[in-house]
There are 2 protein chains.
Amino acid sequence: MTPCDVCEVRDYALCATLGLEREQFIRLGRQMTLPKGRTLMWEGQESMLVANVVEGALMLSTCSGDGQEQIVGVVYPSDFIGRPFGSESPHNVTALTDSRVCVFSRSVFDGFVRKHPEMEHHLLQRTLDELDRARKWMVLLGRMSAEQRVATFLVDISRRLAHVKPEGECAPLERFALPLDRQQIANVLGLTIETVSRQLSALKRDGVLALPDRRTVEIHDRKRLEAIAQAE
Amino acid sequence: MTPCDVCEVRDYALCATLGLEREQFIRLGRQMTLPKGRTLMWEGQESMLVANVVEGALMLSTCSGDGQEQIVGVVYPSDFIGRPFGSESPHNVTALTDSRVCVFSRSVFDGFVRKHPEMEHHLLQRTLDELDRARKWMVLLGRMSAEQRVATFLVDISRRLAHVKPEGECAPLERFALPLDRQQIANVLGLTIETVSRQLSALKRDGVLALPDRRTVEIHDRKRLEAIAQAE
DNA sequence: CGGCGAGTTGAACGTAATCAATTGTCGTGG
DNA sequence: CCACGACAATTGATTACGTTCAACTCGCCG
């Protein structure tokens with residue numbers, strides 16, 4: 001029995017495309033657990049690994065010339081991470097929560113994918129989706145007010161986390177634990193920690209949501225939250 | 001004789017991957033000229049076309065909920081545009097200058113690509129590169145000052161335009177015509193037209209560059225420009 | 001109980017947006 | 001060729017939003 005037999009994301013991740021060759025593929029990778037805060041890949045480093053997320057959440061981040069961090073993506077179970085067919089990793093990949101990933105050597109992975117067009121097609125689909133998502137986020141960073149950014153972030157994450165939940169559940173969550181702390185939220189939104197805090201407080205004051213503890217969000221008035229988020 | 005026989009980008013665009021099947025492929029597409037300002041695809045519209053850029057420059061743009069435009073990409077000859085394997089176009093595609101593109105029906109293109117893994121691989125490579133570029137731009141939008149944004153924009157475009165030039169020439173250009181007007185630059189950088197203008201004036205005042213007319217840029221002190229741009 | 005880090009709140013500041021006026025450029029027709 | 005109008009771009013004055021700096025609160029663990 002392999003870890004894949006009980007893998008939570010086997011039907012959603014990249015490997016779901018494989019039929020009989022799955023056996024072959026899984027022998028190439030291995031599961032790894034990452035404690036919260038551990039960095040799996042470094043920006044600019046020779047890109048040696050790719051991976052599927054099995055459990056947890058990780059962030060992709062880069063630093064601007066003067067050292068400011070910008071988070072350029074957050075990934076969840078069944079998402080793919082790493083940069084195939086390229087020499088260096090374009091960003092850091094760091095665990096936001098304790099996580100489990102299924103890693104492959106990049107060269108081995110590249111070789112396998114090139115021999116399995118179905119899988120390469122799936123990878124292309126994922127990459128196109130990621131690109132759409134990244135470009136949507138550019139609108140947020142380029143054009144939205146702090147209030148809109150925070151609202152959009154909450155709407156987005158409540159939807160993404162819903163897909164992570166056991167089977168079927170797909171309605172956006174009304175109560176969830178943020179995998180990011182305030183500083184990280186600020187780094188996603190291109191704001192400062194103080195501004196994020198103020199906007200969250202304002203939303204709480206207006207009864208749009210509650211913050212029972214610093215990691216938990218309860219959305220009470222999704223309609224209003226979405227109205228603030230506007231862009232979509 | 002087909003237009004492809006004299007195509008300027010035949011060795012760089014997606015079709016360069018094809019060997020003997022090239023003949024087959026080119027029969028599926030047709031060249032089109034687009035006057036400056038013409039929109040080829042609309043955001044949200046059913047995605048019917050994909051295309052290669054042969055000549056000119058086009059922008060990809062989306063609107064935030066309250067109608068503000070954000071340019072999420074600029075494409076040049078040999079670049080690929082459109083959203084294969086997806087139902088709707090995620091952004092507008094509009095000619096910045098008079099342009100020539102080589103268009104394909106999306107369904108026909110999708111079918112062809114699925115049968116030609118080499119081509120699909122090339123498309124994946126391009127998409128991965130675009131994703132890297134988009135994420136780099138997120139740092140600019142999230143973390144850079146107006147001055148840094150304008151400087152970064154100029155450094156970037158002078159490099160991109162160099163690759164468009166006839167054969168070989170790859171050093172960044174020190175003198176070039178902007179394919180975008182001030183409003184469009186503002187929409188790329190997430191700034192207002194006034195701020196862009198002020199920053200350009202400041203760079204001129206400091207002797208970093210000259211602006212002989214409103215479309216032309218002459219970089220006099222690239223070192224300094226790059227120092228201001230910092231992030232990279 | 002004390003100390004520490006994360007988060008919140010407040011006050012002052014600064015950058016870019018906004019509003020407004022002026023200059024510059026280009027195309028058209030006299 | 002010049003005059004004019006329309007639009008693009010620049011420049012200036014003011015405002016507003018988010019940042020910065022600083023104080024304070026809260027929860028947690030020794």
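Both backbone and side-chain heavy atoms feed into the values below; hydrogens, waters and symmetry mates do not. Chain letters run A, B, ... following the sequence lines, proteins first and then strands; every chain starts at 1.
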(request) Tell me whether the centres of the aromatic rings in A:F80 and A:F109 are closer together than 6.0 Å. (result) yes
(message) Any non-hydrogen side-chain atom of A:Q31 less than 4.5 Å from a side-chain atom of A:R100?
(response) yes
(request) May I have the distance from B:L141 (atom CG) to C:dA16 (atom P), rounded to whole angstrom? (result) 14 Å
(request) Answer with yes or no whether the side chains of A:Q183 and A:N187 bring together a donor and an acceptor at under 3.5 Å. (result) yes
(message) Is it the case that the side chain of B:S99 and the backbone of B:A95 share a donor-acceptor pair, with hydrogens and angles ignored and the cut-off at 3.5 Å?
(response) no
(request) Starting at atom CD of B:E194, determine the distance to atom C1' of C:dT22, rounded to an integer number of angstrom. (result) 13 Å
(message) Tell me the closest heavy-atom pair linking B:L211 and B:V217, and the distance in Å.
(response) CD2-CG2, 4.1 Å
(request) Look at atom CZ of A:R30 and say whether more than 12 heavy atoms of other residues, nucleotides or ligands are closer to it than 6.0 Å. (result) no
(message) More than 12 heavy atoms of other residues, nucleotides or ligands under 6.0 Å from CZ of B:R38: yes or no?
(response) no
(request) Using chain B heavy atoms and a threshold of under 4.0 Å, write down where along DNA chain D the contacts begin and end, 5' to 3'. (result) D:dA8 to D:dA13
(message) Let's see if you get this right: which residues in residues 195-204 of chain A place a heavy atom under 4.0 Å from DNA chain C?
(response) A:S197, A:R198, A:S201
(message) For B:L180 and B:R143, find the nucleotide of DNA chain D closest to each by heavy atoms; which residue's nucleotide sits nearer the 5' end?
(response) B:L180
(request) Specify the separation, in whole Å, of atom CD1 of A:I193 and atom P of C:dG5. (result) 14 Å
(request) Show the numbers, then the answer: is there a salt bridge (Lys or Arg N to Asp or Glu O under 4.0 Å) between B:E130 and A:R135? (result) CA-CA 10 Å; B:E130 271 304 308; A:R135 284 177 167 156; 2.9 Å; yes
(message) Give the residues of residues 208-219 of chain A touching DNA chain C, defined as any heavy atom closer than 4.0 Å, sorted by residue number.
(response) A:R214
(request) Would you name the heavy atoms of A:G190 and A:Q70 that are closest together and state the gap between them? (result) CA-OE1, 4.0 Å
(request) Check B:A134 against A:M138 and note the closest heavy-atom contact, atom names and distance. (result) O-SD, 4.1 Å
